[in-house]
Amino acid sequence: STDLIQKLIHLLGGYVLQLRGKPIGYLYHVIEDRKSTIGGLYVTAAHRNHRNEDLLLDASLTELFKTWGVRRVQAQLMLLDDPMTRRYPRQEWLQAHQREFMETSLEAVQSLDPVTPRYPVFFEPWTPASMDESAVLLARSYQGHVDGTINDLYRTPSGARTFLGNIVQYPGCGSFYPSASFCARDATTRRMVGMLLASVVGQDIGHVTQVCVGKEARNSRLGYELMRRSMAAMAEQGFDRVSLTVTSANPAIELYRSMGFVTRSLFAALVWDGF
């Protein structure tokens, strides 16, 4: 994260919280078209409380609400305490959705049996050459989905392409790991109907950055098999653990629980919209 911030710092706005001239916290945001994303908020442990976190949030929101053209601010800040019960600045414009950070040991993959999805598919490695087709799949799969409310990039193929490009090119969710990334294609038409992208986030730790199954292939156990294949590939490469994040209202969370994932922490996806 530090490397990424240093590379992009010339594009970032934000604030530093100081106590007697010494920094005790910071927040950074980036503006893209009509939207701003608050990418990080940190307050040192000795000074971490709602008041200090809110001072940073309110400073950023005050600026962004006055910035010409900005009509939406979003943030997913995993270090905030009481993410779903606290009152945030500019509450009248806010939607908050609970998300979960989940993790499992890759020893669990040994107990996961391979399945043949009821929707006829064949699997192949996911590569950046599939970017455009993946973006179309992502956009059509998330129509009406809660995650489309949280992340507006899911709503259009062009936005989805930007989202996928960020996963592959930048280490915000870890370094893209092609060996554990797969797509599934319709056995007859060869149309992409499912995909999974994975990354490396630490020594021997993998992360599932994106799972997507087209509406036509849902409830066929395709999502399970994409997950199992990715987890098996990570285990074969000596990874110990794998993590993911999921919105609590997303039905896919039950699949992850059935595959051994447990919730390690809760955080909020925050969207200020319509101001």
Side-chain angles (χ1 to χ4, degrees), residues 1-101 103 150-153 162-163 166-167 169-176 199-203 205 207 209 243 245 263-273 275:
S1 295
T2 301
D3 290 343
L4 184 60
I5 292 170
Q6 289 176 341
K7 290 176 182 177
L8 301 178
I9 196 166
H10 61 288
L11 301 175
L12 302 178
Y15 291 87
V16 174
L17 184 64
Q18 296 191 12
L19 178 65
R20 292 187 287 274
K22 294 184 178 181
I24 61 170
Y26 69 86
L27 173 152
Y28 65 85
H29 60 242
V30 62
I31 297 174
E32 305 169 276
D33 298 325
R34 297 171 60 85
K35 174 184 68 180
S36 177
T37 299
I38 297 174
L41 187 157
Y42 175 77
V43 178
T44 58
H47 302 95
R48 187 174 301 146
N49 54 49
H50 290 189
R51 177 182 177 276
N52 285 338
E53 291 170 341
D54 286 350
L55 283 171
L56 287 166
L57 276 173
D58 190 54
S60 180
L61 291 171
T62 297
E63 174 189 340
L64 294 172
F65 273 41
K66 294 178 179 178
T67 300
W68 186 88
V70 172
R71 293 293 177 265
R72 174 185 174 93
V73 180
Q74 60 189 38
Q76 296 190 42
L77 305 171
M78 298 184 70
L79 296 179
L80 298 182
D81 291 329
D82 308 315
M84 297 305 298
T85 58
R86 65 191 290 172
R87 183 172 179 82
Y88 291 95
R90 310 294 175 114
Q91 189 82 25
E92 65 272 25
W93 305 106
L94 176 67
Q95 298 179 53
H97 301 269
Q98 181 172 285
R99 286 178 56 78
E100 305 186 24
F101 176 80
E103 187 180 51
I150 293 171
N151 188 344
D152 61 346
L153 292 179
T162 298
F163 172 75
N166 289 340
I167 289 177
Q169 296 175 26
Y170 300 113
C173 292
S175 299
F176 174 59
S199 66
V200 181
V201 294
Q203 186 175 6
I205 303 173
H207 185 73
T209 55
S243 60
T245 59
T263 299
R264 299 300 189 196
S265 64
L266 302 176
F267 63 102
L270 307 172
V271 179
W272 289 266
D273 204 354
F275 49 83

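Below, all heavy atoms of this structure are taken into account, side chains as well, without hydrogens, waters or symmetry copies.
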Those residues that, when tested against [X], pass side-chain contact (heavy atoms from CB on, under 4.5 Å) (two or more places apart):
{"X": "Arg20", "result": "none"}
{"X": "Asn52", "result": "Leu17, Ile24, Val43, His47, Asn49, Leu55"}
{"X": "Gln203", "result": "none"}
{"X": "Asp33", "result": "none"}

Among residues at least two apart in sequence or on other chains, which ones pass side chain to side chain donor-acceptor pair (under 3.5 Å) with [X]?
{"X": "Tyr15", "value": "Glu63"}
{"X": "Gln76", "value": "Arg99"}
{"X": "Asp81", "value": "none"}
{"X": "Thr62", "value": "Arg90"}

Output the distance between atom [atom1] ([X]) and atom [atom2] ([Y]), rounded to the nearest 0.5 Å.
{"X": "Glu53", "Y": "Leu77", "atom1": "CD", "atom2": "CG", "value": "9.0 Å"}
{"X": "Leu79", "Y": "Ser265", "atom1": "CG", "atom2": "OG", "value": "9.0 Å"}
{"X": "Gln95", "Y": "Trp272", "atom1": "CD", "atom2": "CH2", "value": "11.5 Å"}
{"X": "Leu12", "Y": "Leu27", "atom1": "CG", "atom2": "CG", "value": "10.5 Å"}
{"X": "Met84", "Y": "Leu270", "atom1": "CE", "atom2": "CG", "value": "8.0 Å"}
{"X": "Leu94", "Y": "Gln74", "atom1": "CG", "atom2": "CD", "value": "12.5 Å"}

query = Excluding sequence neighbours, so at least two apart, what forms ring pair (Phe, Tyr, Trp, His ring centres under 6.0 Å) with Phe163?
reply = Tyr154
request  = Under the ring pair (Phe, Tyr, Trp, His ring centres under 6.0 Å) rule, collect the residues that match up with Phe275, sequence neighbours excluded.
outcome  = Phe65
Evaluation steps, side-chain contact (heavy atoms from CB on, under 4.5 Å), between His50 and Asp82 = CA-CA 9 Å; His50 290 189; Asp82 308 315; 3.1 Å; yes
query = Any donor-acceptor pair under 3.5 Å linking the side chain of Trp93 with the backbone of Val73?
reply = no
inquiry  = Under a 3.5 Å distance rule, please check whether Tyr88 uses its side chain to pair with a backbone N or O of Pro83 as donor and acceptor.
reply    =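 Present.
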request  = Run the numbers on Leu56 and Tyr26 for side-chain contact (heavy atoms from CB on, under 4.5 Å), then give the verdict.
outcome  = CA-CA 7 Å; Leu56 287 166; Tyr26 69 86; 5.6 Å; no
key: Modelled atom types, side-chain donor and acceptor of His207 and Ser199, under 3.5 Å   =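 Not at all, the side chains of His207 and Ser199 share no donor-acceptor pair under 3.5 Å.
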key: salt bridge (Lys or Arg N to Asp or Glu O under 4.0 Å) partners for Arg71, two or more places apart   = none
Could you go through residues 35-42 and list every donor-acceptor pair under 3.5 Å that involves a side-chain atom there, pairing it with any protein atom two or more places apart or in another chain?
{"unit_1": "Lys35", "atom_1": "NZ", "unit_2": "Asp152", "atom_2": "OD1", "d": "3.0"}
{"unit_1": "Ser36", "atom_1": "OG", "unit_2": "Val30", "atom_2": "O", "d": "3.0"}

query = Hey, is Asp54 close enough to Arg86 for a salt bridge, meaning N to O under 4.0 Å?
reply = yes
